[in-house]
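Model, not experiment: these values are computed from the prediction. Proteins get letters first, then strands, A, B, ... in listed order; numbering begins at 1 in each.
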Amino acid sequence: MATEKLSMAQALNRALRDSLSEDPSVYVFGEDVGPLGGVFRITDGLTAEFGEDRCFDTPLAESGIVGMAVGMAMNGMRPVVEMQFDAFAYPAFEQIASHVAKTRNRTRGRVGLPIVIRVPFAGGIGGVEHHCDSSEAYYAHTPGLKVVTPATPEDAYHLLRESIASPDPVVFMEPKKLYWAKEEVDFDRPVPAMGKAVVRREGTDATLIAYGPSVPTALEAAEAAAQEGRSLQVVDVRSPVPFDDETVCAAVRSTGRAVVIAEASGYASVASEIVARVTERCFHSLAAPVRRVTGFDIPFPPPKLERFQLPGVDRILDAVDDLQWEDQ
Amino acid sequence: MATEKLSMAQALNRALRDSLSEDPSVYVFGEDVGPLGGVFRITDGLTAEFGEDRCFDTPLAESGIVGMAVGMAMNGMRPVVEMQFDAFAYPAFEQIASHVAKTRNRTRGRVGLPIVIRVPFAGGIGGVEHHCDSSEAYYAHTPGLKVVTPATPEDAYHLLRESIASPDPVVFMEPKKLYWAKEEVDFDRPVPAMGKAVVRREGTDATLIAYGPSVPTALEAAEAAAQEGRSLQVVDVRSPVPFDDETVCAAVRSTGRAVVIAEASGYASVASEIVARVTERCFHSLAAPVRRVTGFDIPFPPPKLERFQLPGVDRILDAVDDLQWEDQ
Amino acid sequence: MAEHQGLLPSERPLRLLDEMGTPVDGSGLVMPDHRRLLEAYTSLVIGRRVNDQAGALVRQGRLAVYPSSHGQEACQTGAALALAEGDWLFPTYRDTAAVIARGVDPVEVLTLLKGDWHAGYDPYAHKVAPQATPLATQLLHAVGVAHAARLRGEDTVIMALCGDGATSEGDFHEALNFAAVFKAPVVFFVQNNEYAISVPLARQTAAPSLAHKGIGYGVPGERVDGNDAAAVLAVLERAVESARSDGGPRLVEAHTYRMQAHTNADDDTRYRDSGEVDPWTERDPLTRMEKYLKRKRVLTKAKQTEIAEAAEAVAAHMREGVARDTDPEPAELFTHVFADPTPQLNEQAAFLADELSREGN
Amino acid sequence: MAEHQGLLPSERPLRLLDEMGTPVDGSGLVMPDHRRLLEAYTSLVIGRRVNDQAGALVRQGRLAVYPSSHGQEACQTGAALALAEGDWLFPTYRDTAAVIARGVDPVEVLTLLKGDWHAGYDPYAHKVAPQATPLATQLLHAVGVAHAARLRGEDTVIMALCGDGATSEGDFHEALNFAAVFKAPVVFFVQNNEYAISVPLARQTAAPSLAHKGIGYGVPGERVDGNDAAAVLAVLERAVESARSDGGPRLVEAHTYRMQAHTNADDDTRYRDSGEVDPWTERDPLTRMEKYLKRKRVLTKAKQTEIAEAAEAVAAHMREGVARDTDPEPAELFTHVFADPTPQLNEQAAFLADELSREGN
Ligand SMILES: Cc1ncc(C[n+]2csc(CCOP(=O)(O)OP(=O)(O)O)c2C)c(N)n1
Ligand SMILES: Cc1ncc(C[n+]2csc(CCOP(=O)(O)OP(=O)(O)O)c2C)c(N)n1
Ligand SMILES: [Mg+2]
Ligand SMILES: [Mg+2]
């Protein structure tokens, strides 16, 4: 049973199960995560298997959930909490920014908070308003939080296990549109650790840098480009924090051109950061300015218009076309 | 009385007074803004002058304050609310991100929210933890919010007046370390509108791009550089949103080198955005990658260490030195 | 500080009609007159028809999602009817029937559920706020609208709706407290339907009742049988009028039950069984009121047909509205972000327009 | 759902001693024994000395800020003494005296006020959480600590402190609700000192009392005279023991008064006059207890001198600690952000080290 074909939702569920059974200090809680198994079924069956103490429903209050997690973590537990949707984590923002992120530092290292905050995020599922925010920049900008987002079921399994084992708080962002895509998952062969980017596709002409929900789109774009004779490399960032400068910069230097892809609105975003740091570090290797394909600076659109907001293959290829090939 | 020598605190107070007296729909409220006049005295005397209805204390609840402002704005008022300190606006984050920012768009333009959220922010006053956050990136990243931060008393007066008059919500970020510096303020001669950057000092060798609390530091650095024979231009961004690409890019193109300065932690910040967009737009005019001098990616330090976190003159000059002058 | 007096709710939810539609002692609550009850009944029938029609449209794949108030129509009706014209209603995603009872065109309400846009109606036209999704946040907006009205000397009352689950959110607390401190005329109306998605009330609170939360703010709390349309209407009208006269807020908890899954996306068999749901069918608000009105000979056969036809007309209008092509223009993505768009948005709008024009080729 | 019974507080704050130190009927509250009262008195005197010494250090410019609990020492003392060794205290910025009464070294507490670092003591050493600044947020942490203990089968009780102003925050609401639903043994102890900086209680709430907020969560509420150290101790001990035995939370409101400005940075003449403050001097918790203990001949001259000396020793220790150079190293800015620093932080630490070494040249 080394490998199994699983959706990302199933892989996450498996990660929670394995963590719960291996470590008695792991507790899973949030809204509707008990008997219902979560609105996305990520916690399916956990209460039945581990009992009401280990996986339980809370009253409907996100600041309460995260605040209680802080206290439990102070007292020896490893809480894994679910925020039902991206925008519904906002009521917990003060607890996250002022406590989860700061407690280790405030206490001079005496109180660490091994908390995982799971956030299903981003669009692509036709959700109504407040259900599709790409909120990673808020967390990535906050010192003291690690921010992880898997793009494959295998990564989802291993990165969630690693996040739960981490002594530091992790905001674990789950691209909801990828919950149902299946893939062979190897449970035994660990993937590269959080903090390592991975080259998902080799290529020589330009580098696409993506994370979470945008990785499959980037791969699709690379496939389409290949058909037109252009060789695109795809890097999956995996954890916006800690960021893997080494892998990303090596990739960009190898091609001399790059496009950063992310669903979130572009202004003051993780994508801005990637453009800025890649440029700072690889300036003289760049044949063209690093381009961004991101969401527009607008509230997430209604379902009928969301396709215009999401980075798509054509838009990515347009950005690649824009990389001043005439210079060559 | 066209001009008067005022501190930024006094200029802001004057702006509130003038707005209250000219527009009966303006209401000022928050924690301790009534008889006390606010912990920074920005609302000093307003309750006495305009009565308890127009400037009043609320119960101690920031989500409540902003949420009530949303309702009042829906019903014809122009609320100007004070968050006591940067980190104490976080409890209001959901109201700000999910309502203040989105209501006009949600309602297809039918419900506009002319709200000003005043946030005293950033460090430099030896404040204890939770009192010195530079939180502008959270707001600047959120579509639907305008984000303004003055660097001079004159700008403070005029930009606050303009923000209160704006049909759109404005997060008005007041650099608390600049509250007490005095300057001649001209009430009659309007300054450039929100959305316009201003060149605060001409220079030919490199461009320093700053906003709010970092502008005086940038000017000091330029002065020091001048003594060493280097001519630095200083651009005051004034409003991270809307951003003035035109002025900033023209400035950078004129020198070919740039350093972005901001107190906030650098990762996924407004400074990242400025680096990214300047690079995207001015790539071929740049002799060196755009540098950043920002806060480290750490929680704001205790008073005794804060000077290491704040962008100072030497650090800025080091960054300027780093702009690959040997290429020339 | 005020006295306790009048702040605690009654031991049991107030009632005017029992489950058989027989009048019972209302502990001082006065039965609305027949004209009013008939109005309420009409609204109940339309509300039920709206719920059923929306459910059918979801099953046909014409609406993406619908949180139904099936079984809660007495609350929906009461909330809308208790208000005067200048008053405001603050509904949630579950309160479509109340929004429609207040006069909003059902087709405009469907905008959200069709995925065309977010809030689909003009909130000012009928003084109905956009249906709120982030739980309890709207209660504070209601306080703000009330406070603004009070400052202008208007006697507007705001009816602010939320569910049992939403009472756990911090914003519920802040809203009740602000309303009490500022004497803002808001009626906080909690539809306790025993569930927040899958979470039953017992996991939501250990309070004797949700109405017992009022005293902690100095706000009078009341409990009403949420499936008794007469009692709900009477309690809400009383709350609205007392809020209007003394300016202070009121908290009303209606005890009802969510008959269907949370939305069509939910699977309620995972957390409750039909043994729990079925008994509530007998407490249906429509049959109860119908029995009473028939017994009183207020509801004639002819009248009943007329009401059914009115409800059918609403349903037909919904079907027709859903069928109508109302696809929004992509350009609209940029027009409502600000009154005055930023240069960045103009640039992005131009980018998209260019992309679309190239696609057009 | 539970009954109302026992959830509502008494009409008036409970008392054991009146303002002259004369015993009064405590409505069932039992006077602690003399040994315990003497302990409390010692703690009161030390608490007062801590407050005064810290105030003096601020005036001398050796501490940046100090929010004093002068006048609230009965609450500070009670909160610390009511706990058993394995219990936890969750204090705010104003509860320095309680933190010290719990056993934390005053000099470690001063770390924050000197500006050396944030939380200066080891929270695990005496089970005292860092002093909380973001209001009411710590109440939820207290619930979490309690819940974790309960899950492990420990009988730990948590004493969670906050002010009257903090009860308005959403987190207060969520904490009481979570504690009640999870039966977490937390005693929520509200020091109602009538002000939140400049905002008086009447602008904070319209409730009959803050203890009346309990019933809305199914949490028993109690009121006590916050300047009567005997009553505070008795009420808190009872609350701690009942929380320990049934696992459920308790809410206790102590009515007291903030004798000084909010902090040294505040100017309270802007919002209250001495006519309001002065009468409270006569209600001072120290003199009241002192009178009683002297009358009972428990507090002898010798004992009083001994206590004064102990307090003086604490003050001297504070002065000495403040004088000691404890300047933190800049490198420490990077060491505690994560257990395992990111490459970015390592890079930034190296950058600063380089900068400092060049400055050194
Ligand atoms: C702040 C926030 N958190 C979570 C959600 C997700 N959510 C939507 S409805 C719901 C349950 C609400 O229950 P209740 O308040 O009882 O209302 P009901 O649906 O029963 O009418 C939840 C958890 C949300 N909309 N907003
Ligand atoms: C979330 C938050 N908002 C605002 C503040 C600023 N602030 C610090 S103390 C205080 C007043 C608190 O009053 P109260 O709770 O009564 O406690 P007291 O100071 O009287 O002990 C305020 C507004 C804060 N620390 N946290
Ligand atoms: Mg419900
Ligand atoms: Mg107080």
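- For a residue to count as touching a neighbouring chain, one of its non-hydrogen atoms must lie under 4.5 Å from one of that chain's; by this rule A:Glu62 touches chain C with backbone and side chain alike.
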Please determine whether side-chain contact (heavy atoms from CB on, under 4.5 Å) holds for the pair C:Asp266 and A:Leu36, giving the CA-CA distance in whole Å, both sets of side-chain angles, and the decisive distance to 0.1 Å.
CA-CA 9 Å; C:Asp266 181 33; A:Leu36 180 63; 3.8 Å; yes

As a quick check of understanding, evaluate side-chain contact (heavy atoms from CB on, under 4.5 Å) for C:Leu333 and A:Glu306, giving each step before the final call.
CA-CA 10 Å; C:Leu333 288 172; A:Glu306 77 169 328; over 6 Å; no

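- Note that CD of A:Glu129 and CD of C:Gln131 are 9.5 Å apart. Values are rounded to the nearest 0.5 Å.
- Residues A:Leu305 and C:Trp117 have side chains in contact (heavy-atom distance under 4.5 Å, counting atoms from C-beta outward).
- Among C:His262, C:Gln204, C:Lys114, the residue with the largest count of heavy-atom pairs under 4.5 Å with chain A is C:Gln204.
- Residue-environment remark: CD (C:Glu276) exceeds the threshold of 12 foreign heavy atoms within 6.0 Å.
- Ranked by heavy-atom pairs shorter than 4.5 Å toward chain A, the options C:Asp171, C:Asp164, C:Thr269, C:Asp116 are led by C:Asp116.
- Residues C:Glu169 and A:Leu60 have side chains in contact (heavy-atom distance under 4.5 Å, counting atoms from C-beta outward).
- Only the backbone of C:Glu329 comes within contact range of chain A, judged by heavy atoms closer than 4.5 Å.
- With salt bridges taken as basic N to acidic carboxylate O contacts below 4.0 Å, none links C:Arg203 and A:Asp57.
- In this structure, no portion of A:Arg307 lies under 4.5 Å from any heavy atom of chain C.
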Using the rule given for side-chain contact (heavy atoms from CB on, under 4.5 Å), can you reason through C:Leu135 versus A:Phe88, listing the C-alpha separation, both sets of side-chain angles and the distance that settles it, and then say yes or no?
CA-CA 9 Å; C:Leu135 296 163; A:Phe88 306 146; over 6 Å; no

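- A salt bridge is absent between A:Asp314 and C:Arg358; no separation between the charged side-chain nitrogens and carboxylate oxygens falls under 4.0 Å.
- With chain A as the partner, the residue from C:Val65, C:Thr137, C:Val337, C:Ile197 showing the most heavy-atom pairs under 4.5 Å is C:Ile197.
- Classification of A:Asp44 and C:Arg270 as a salt-bridged pair holds, one side-chain N sitting under 4.0 Å from a carboxylate O.
- Of all residues spanning residues 340-353 of chain C, those with a heavy atom less than 4.5 Å away from chain A's heavy atoms are C:Leu345, C:Gln348, C:Phe351, C:Leu352, arranged by number.
- In this structure, CG on C:Asp327 lies 4.0 Å from NZ on A:Lys304, to the nearest 0.5 angstrom.
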